[in-house]
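Here's the structure we're looking at; comments come further down.
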Amino acid sequence: MEIFVRGYQDSDGDGIGDLRGLIQRLDYLQDLGIRGIWLMPITASADRDHGYATTDFRALEPQYGSLDDFDELIRQAHRRGIGVIIDYILNHSAAQHPFFQAALHSESSPFRDWFVWQDPAPVGWDIWGKNPWYPAQAGDSSHYFGTFGPHMPDFNLRNPAVVDYHRSSLRFWLNRGLDGFRLDAVPHLIENDAVNWNDQAESRRLTKDFQDLIKRYPQRYTVCEATAEPKAYAAPEVCGSAFAFGLEQHILKAAKGEPAAIQQVANYFLTAPRSMATMLANHDIFAGERVWDQMAGDEARYKLAAATYLLLPGTPFIYYGEEIGMAGVKGLPGDEPLRAPMSWTPQISGFTSGARAFRPVSPNAVTHNAQAQQRDPASILNFYKAMLKLRNSHPAIASGAYEHPQVDGQTLSFQRRLNPQAHDLIVINYGDSARSVTVHQLPRRASLLGSYPSGQAALRTDAAGQVSLSVDAQSVRVFRVKR
Ligand SMILES: [Ca+2]
Ligand SMILES: [Ca+2]
């Protein structure tokens, strides 16, 4: 689960989520079936919100707690079988970072060459509609480079001292028992010129070097944000895993019954590595609104979207609150609608004992909160729990191959197989009427034992390895295949 610590659970009444609060919610995560959490930046930041404008790569955001709290979080998470990774921002610091301030105010500073300067600024640059070169002071001819804006100056990652600094910082957290990192914006590490700035070979090589460092520790994990070429970055030669940007839109459209999108979903893992990190949405608005808003509150289709990515290959990342159908907050700028306090209870009291939180609660907190959904067997939360239980108890669904996708109108079936003993068939009907399908390419005369929903009669494949079955409108069926 991807967690925004600021928005998860406040433990001391100041209205801001913190690590002690997160520790209090580990039982909830364990009960849901979560095996790993990704924390958006928890290091000290200038923005005091999302945390991507880092001011100290080896210190915690004071509002989130102390290093003792961090160590306790790791201990308590591991005790529950939950791994912890954190965001790490290699490409830039905050403009307020002491290293950049030193570089900005003195050309002879040892930190000057830690950032990227040109005097005068080069011409012809355009990154997402902006010139990324900013004057050191108003009117100066000396300019620094910032892919994401003047508040986040890019590091000079051709400087070995900068790379060494990041390597030491990564080790700092790994040595405390952290399980790995989500590496931010890695296609932007190194730029060559105004045309060749995105996803350069140098950036891929450097990403691989950082992956190697992290994986020299046992049982560690890396996942990269690489929007341009996710499949390439998921390869072991680059990051080892990367978010499957683009797939989420196919899944959400498939859940709405769009045949072309169902075919795109069916095809995706025929070429994508199984190490892809899948999702329906995240903390960035460029990846879409909260699922509740994208599905316009249609809970049946919401569940179909969830089932699709939780039963496909990949490492699924649930964005906190997604599992309870949390809506975005209306009327806030940028990404803020996506980053509200978690709706634990109908009122804000579930999040903080204080009078108010750092941001308004989700508009559907009264109906869609964790407390109410735990009691309702038909809730979105209990559906996520059932899907995660399948993942956690069926090794083929968790890590098996992806085989024989078959699209019949608005119905998708596929098989997941780890070995002859661990083999599952999944059938999803995205349409709004029941449908009978014949599934091909199964083992001959095999038994199909119903895993989801419970209480299904067993089926048997014929001498050609086929079986006919019916699937209710907007529903999911999962079977264990036994020879
Ligand atoms: Ca707090
Ligand atoms: Ca860069």
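Order of listing sets the numbers, starting from 1, for every ligand and every atom in it. Hydrogens, waters and symmetry mates play no part in the numbers below; they use all other heavy atoms, side chains included.
- Side-chain atoms of Q211 and K215 form a donor-acceptor pair, as typed in the model, at a separation below 3.5 Å.
- Distance check for G21 against the Ca ion (ligand 1): none of its N/O/S atoms falls below 3.0 Å.
- Note on D14: its N/O/S atom closest to the Ca ion (ligand 1) is OD1.
- Counting only distance, with no hydrogens or angles, the side chain of R359 and the backbone of A340 share no donor-acceptor pair below 3.5 Å.
- The aromatic rings of H97 and F99 sit tilted, their planes meeting at an angle between 30° and 60°.
- The Ca ion (ligand 2) is closest to atom OD2 of D154 (considering only N, O or S atoms).
- With the Ca ion (ligand 2) at the apex, N91 OD1 and E191 OE1 define an angle of roughly 170° (rounded to 10 degrees).
- E225 has a carboxylate O that lies under 4.0 Å from a charged side-chain N of R182, or vice versa, which qualifies the two as a salt bridge.
- The closest side-chain donor-acceptor pair between D18 and Y8, if any, does not fall under 3.5 angstrom.
- For the Ca ion (ligand 2), the N/O/S atoms of H92 include none lying under 3.0 Å.
- The atom of D18 that is an N, O or S and sits closest to the Ca ion (ligand 1) is OD2.
- For T147, every N, O or S atom stays at 3.0 Å or more from the Ca ion (ligand 2).
- With no hydrogens or angles considered, a side-chain donor-acceptor pair links E323 and Y28 at under 3.5 Å.
- For the ring pair (Phe, Tyr, Trp, His ring centres under 6.0 Å) test with H283, the passing option among F317, F4, Y52, F243 is Y52; the others fail.
- The atom of D12 nearest to the Ca ion (ligand 1) is OD1, with the search restricted to N, O or S atoms.
- Taking the Ca ion (ligand 1) as reference, D10 places its N/O/S atom OD1 nearest.
- Atom O is the N/O/S atom of H188 found closest to the Ca ion (ligand 2).
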